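What follows is a single structure, written as structure tokens, with notes after it.
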Amino acid sequence: MPQIEKNDAQVFDPQRYNPAEIEPRWQALWDADPKLYAAEPHTSGKPKFYCLEMLPYPSGQLHMGHVRNYAIGDALARFMRMRGYNVLHPMGWDAFGLPAENAALKNHTPPREWTLKNIEQMKVQMRRIGLSYDWAGTEIATCLPEYYRWNQWFFLKMVEAGLAYRRSSKVNWCPKCATVLANEQVVGGCCWRHEDTLVEQRELEQWFLRITKYADELLDGLDKLPGWPEKVRTMQRNWIGRSEGTHVDFHVSAMADTPAIKVFTTRVDTIFGATSIQLAPEHPLTKQLAAADPDLAKAVTEMIAEQKAARETGDIGNIEKHGVSTGKNAINPFNGETLPIWVANYILADYGTGAIMSVPAHDERDFEFAQKYGLHIKRVVAPVISPKDAAGADTDDLSLPYTGEDDAVLVDSGEWTGEGALEAQDKMARFAEENGFGKKTTTYRLKDWGVSRQRYWGTPIPMVYCINGHDGVKPGGVVALPESALPVLLPEQIEITQEGGSPLGKVSAFVHTTCPVCGGPARRETDTMDTFVDSSWYFYRYTDARNAHAPFDSEKANYWFPIDQYIGGVEHAILHLIYSRFWTKVMRDLGLIANSEPAERLFTQGMVIKDGAKMSKSKGNVVSPDDMIARYGADATRMYALFAAPPDRDLEWQEEGVAGISRFLARVYRLTIKYAPVVRSLESHTHGDEIAPKQFAGQTEDGAALLRTLHQTIAKITEDFSGRWHFNTCIAAIMILVNEISAAETAMDTGGIAPATIAELFRALTLLLTPFAPFLAAELWQQLGETAAVFHQPWPMADAELARESEIEVPVQVNGKLITVIRLAADSDEAAISAASLADAKVVARLVGKTIVKHLVIKGKLVNLVVR
RNA sequence: GCGGGAGUGGUGAAAUGGCAGACACGCAGGUCUUAGAAGCCUGUGCCCGAAAGGCGUAGGGGUUCAAGUCCCCUCUCCCGCACCA
């Protein structure tokens with residue numbers, strides 16, 4: 001017991017760093033000043049910097065991934081402010097979504113109440129971390145009508161522009177979410193939210209956004225985004241999946257009423273090698289033929305069942321290829337050959353046309369299939385082998401399947417024989433087009449974005465169905481609401497049940513309305529919008545978050561956009577990040593903004609790992625930010641998140657490391673408090689650029705050395721912020737500086753360091769810490785006798801003169817092997833370095849009996865003597 | 001299979017082609033203390049040794065005066081895509 005009291009006494013030792021006391025004290029001051037981190041108006045004329053982190057879903061609990069993401073963004077925002085930029089650093093809440101409904105089911109809490117409570121909780125956590133957001137000016141919650149009414153407004157604009165439409169189609173259905181998912185939200189055949197829940201296919205009437213209209217621009221624009229990680233750009237390229245090829249029609253023999261089979265191929269030049277037609281099991285012709293052929297019907301049913309089963313076990317793609325002949329034939333329009341029609345399990349119904357021409361000689365899959373069934377394999381393309389390298393030609397090129405097209409020529413292809421493969425692709429496509437049985441085509445993997453969700457907690461879609469119909473609208477036809485009818489409010493009193501169907505459909509007061517055109521009875525659309533709609537444009541709202549008349553003011557958006565730096569997780573590479581690029585292009589075409597891309601630079605930070613695995617509840621390796629803050633303080637927690645690894649790499653969370661940072665901050669605190677009286681006693685309270693005494697006059701050796709390290713540190717950190725972002729080495733550099741100051745304590749105590757130098761050291765050190773440890777920096781800045789907020793101080797300037805070394809160390813190698821390191825005056829020329837290296841005793845010993853072949857003096861690096 | 005990233009001490013990690021392992025964690029010894037904790041000091045890649053030395057960046061080859069870094073081949077791990085015609 002007595003020991004505990006003794007420990008308590010230490011906690012309240014004023015000499016001792018105590019974040020639990022310092023941090024809440026400053027936080028209370030900051031919270032009381034809503035303008036503290038507000039950006040200046042767009043008319044300020046200052047250079048702007050829009051620093052954005054991805055907005056969180058308000059789960060109610062901040063996790064370490066958030067802390068890391070926001071620590072990176074906050075360090076940058078604070079640095080840019082100190083560099084004199086007008087910084088917009090906003091935050092908000094991605095507040096619609098299924099978890100609120102699940103919580104309602106479980107706890108009988110209304111989704112709105114649950115969500116708003118979570119927001120409050122998380123905001124408390126975020127404020128506790130000291131993140132410099134302009135809450136008062138920018139905070140948004142997407143579940144509030146002030147926000148989602150603009151989702152509805154955009155939806156109406158898109159309907160008007162033909163970019164939103166309703167159609168029936170096969171859609172992805174997650175049985176756990178009990179709603180439809182967009183293609184982007186299906187991961188490996190499963191739901192992105194429920195990774196072990198298989199997505200089913202259902203035929204439903206749904207609203208779609210015509211993102212495919214922008215497919216080319218979305219793809220080509222990636223080349224103009226050098227500030228985005230190559231990985232993200234590649235993922236988007238693959239997702240869009242543009243493929244240029246040709247449609248060719250194959251007529252079915254002896255079935256005059258059946259439409260021709262349309263085939264998509266990127267290799268029309270190989271068409272003389274086609275030896276069969278392969279249909280997907282779901283192809284319309286397959287269905288037609290199966291209807292009259294029980295054996296075929298059975299085979300097709302089995303194929304579909306097999307695919308479903310394979311998707312469940314996860315090895316779709318490894319299924320063995322197999323197929324069944326339909327007994328029907330098609331005609332190759334290029335040469336009149338008769339080709340058997342098959343149905344095969346490796347033909348995808350939803351890519352291209354769901355039918356292919358099979359060219360076994362020049363396609364690996366077709367080859368495998370043809371071998372299995374003994375189908376004819378006919379070579380029609382051969383590599384060009386110049387006589388010169390004929391001897392060395394790779395025999396692989398002569399074997400089949402041969403899929404090359406560069407330096408390849410057509411053989412056995414009628415009038416095209418001898419053409420280069422690439423030229424033939426062009427000419428043969430044109431030939432097909434001229435003769436009316438084909439057309440050059442581009443296909444995309446990207447499909448239109450299905451945005452209807454059969455859920456309650458989302459934005460109501462502002463459309464109604466006119467029950468009786470009127471001029472131009474048939475009974476039950478869809479009618480857009482006028483803008484004046486917005487917002488369509490989400491009803492609040494609603495019972496959430498687990499029954500299927502859109503929950504809004506059960507709220508009769510919501511459903512029953514009148515048609516805005518004819519005034520007759522109408523039924524509201526009861527689906528809500530995908531929550532990715534909310535996050536597709538939220539960052540524009542931040543620039544004018546309180547605007548009640550428009551989503552935002554164009555002038556303000558045009559000042560702030562594009563986002564200078566966007567920071568978030570890579571998991572949104574083909575969800576949020578492709579939707580928001582699409583939305584930006586739509587808004588541009590609506591005349592709302594001038595930019596075509598939302599963000600100039602994108603940074604994707606690494607994951608937070610614990611014991612070698614991603615932190616997750618299911619693995620039980622979650623470290624709570626609240627615990628860390630309670631034990632070590634917010635400064636130590638966020639600083640560790642930046643110190644433990646460079647921001648783009650995965651970060652292993654080790655609590656000992658946080659303790660280490662905490663000890664480091666305690667050392668900084670103790671030293672600064674100790675010398676604060678010296679600093680305060682000086683007349684000139686300096687502000688940023690006045691800091692450096694610009695000369696060494698009267699400076700001691702020790703003092704000069706400290707200033708040298710200081711200015712090298714300033715230079716390093718300043719440079720890193722604008723380039724590499726290796727905050728781990730920035731913090732290491734600050735540690736080196738502090739270690740040196742600490743080692744000079746005796747000198748400082750005995751007058752060996754000028755008071756002005758001491759003042760410069762501690763002021764600059766405090767400023768350097770500000771982006772990483774804002775609470776401690778604020779405290780120390782005050783202790784140093786300053787009254788202005790440390791965040792508004794100019795960032796210290798590195799003085800190259802002060803940073804320059806007076807002496808240099810030159811490693812000397814003999815035959816590339818390090819022998820010794822010699823010290824020389826910094827201004828030594830090559831001759832002096834050379835002479836000194838040869839004079840060194842260790843080097844001389846190595847040279848005995850040898851001849852110097854080469855004497856390399858690399859200025860500023862080393863000396864290497866090559867001897868024999 | 002294809003695309004991207006990575007592989008360096010006991011651990012997290014540093015190194016514009018130029019002294020490998022900065023900085024930190026951990027560990028060991030010391031100091032202070034009645035004792036412990038905290039703090040402070042010293043040491044800490046591996047091997048042998050008293051020392052001098054030798055070996056070291058997944059493995060193998062190459063370019064270079066000089067390679068963790070550039071080139072070629074192989075292996076392992078992580079992430080993404082995956083029958084896309």
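Every chain is numbered from 1 and lettered A, B, ... according to where its sequence line falls, protein lines coming before strand lines. This one's a predicted model, so the numbers in the text were calculated from it and none came from an experiment.
- In this structure A/A836 satisfies the side-chain contact (heavy atoms from CB on, under 4.5 Å) test together with A/I822, A/L824, sequence neighbours excluded.
- Across B/G10 and B/G59, the matching P atoms stand 14 Å from one another, rounded to whole Å.
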What one-letter contact string describes nucleotides 18-24 of chain B from 5' to 3', where B marks a base within less than 4.0 Å of any protein heavy atom, S marks contact via sugar-phosphate atoms alone, and - marks no contact? BB--BBS
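- A/D366 comes within 4.0 angstrom of nothing in the nucleic acid, heavy atoms only.
- Checking B/C32 for Watson-Crick or G-U wobble geometry (two distances, each under 3.5 Å) identifies no partner in any strand.
- Of the nucleotides present, none pairs with B/U64 by Watson-Crick or G-U wobble criteria with both distances under 3.5 Å.
- The side-chain hydrogen bond (donor to acceptor under 3.5 Å, both in side chains) check on A/K716 picks up A/D720, A/T729, with sequence neighbours excluded.
- For the side-chain contact (heavy atoms from CB on, under 4.5 Å) test, residues two or more places apart in sequence or in another chain that qualify with A/N332 are A/F250, A/I271, A/A274, A/F334, A/N335, A/E337, A/L339.
- The partner of B/G10, taking Watson-Crick or G-U wobble pairs whose two distances both stay under 3.5 Å, is B/C25.
- For A/H247, the ring-ring contact (aromatic ring centres under 6.0 Å, His included) criterion is met by A/F264, not counting sequence neighbours.
- Between A/R724 and B/A15, a side-chain N or O to OP1/OP2 separation shorter than 4.0 Å is present.
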What pairs of donor and acceptor atoms, side-chain ones from residues 655-666 of chain A against any protein atom, are under 3.5 angstrom apart with sequence neighbours left out?
residue	atom	partner	partner atom	Å
A/E655	OE1	A/R631	NH1	3.4
A/E655	OE2	A/R631	NH1	2.7
A/E655	OE2	A/Y632	OH	2.8

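- Within residues 225-237 of chain A, the residues that have a heavy atom under 4.0 Å from RNA chain B are, in order of number, A/K231, A/T234, A/M235.
- Toward the 5′ end of RNA chain B lies the nearest nucleotide of A/R445, the other residue of the pair A/G354 and A/R445 mapping further downstream.
- Ion pairing between a basic and an acidic side chain is recognised when a charged N comes within 4.0 Å of a carboxylate O; A/R445 and A/D350 show no such pairing.
- Toward the 5' end of RNA chain B, the nearer of the two residues A/H726 and A/E368, judged by each one's closest nucleotide, is A/H726.
- Every residue meeting the ring-ring contact (aromatic ring centres under 6.0 Å, His included) condition with A/W342, not counting sequence neighbours, appears here in chain and number order: A/F369, A/Y373.
- Relative to the side chain of A/R16, the nucleotides B/A13, B/A38, B/A85 differ in distance, and B/A38 lies closest.
- Within residues 274-282 of chain A, no residue approaches RNA chain B, by heavy-atom distance under 4.0 Å.
- Under the ring-ring contact (aromatic ring centres under 6.0 Å, His included) criterion, the residue pairs touching residues 712-745 of chain A are A/F79-A/F721, A/F603-A/W725, A/F721-A/F727, A/F721-A/F772, A/W725-A/F727, with sequence neighbours excluded.
- Comparing B/A22 with B/U11, their P atoms are spaced 15 Å from each other, to the whole Å.
- Side-chain nitrogen and oxygen atoms of A/K854 include at least one within less than 4.0 Å of the OP1 or OP2 phosphate oxygen of B/C65.
- Pair assignment for B/C77: B/G5, on the basis of Watson-Crick or G-U wobble contacts that are both within less than 3.5 Å.
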Each nucleotide N or O in nucleotides 53-58 of chain B that has a protein N or O under 3.5 Å away: list the pair and distance.
none

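- In terms of the side-chain contact (heavy atoms from CB on, under 4.5 Å) criterion, residue partners of A/E740 (sequence neighbours excluded) are, by chain and number, A/L706, A/T709, A/I736.
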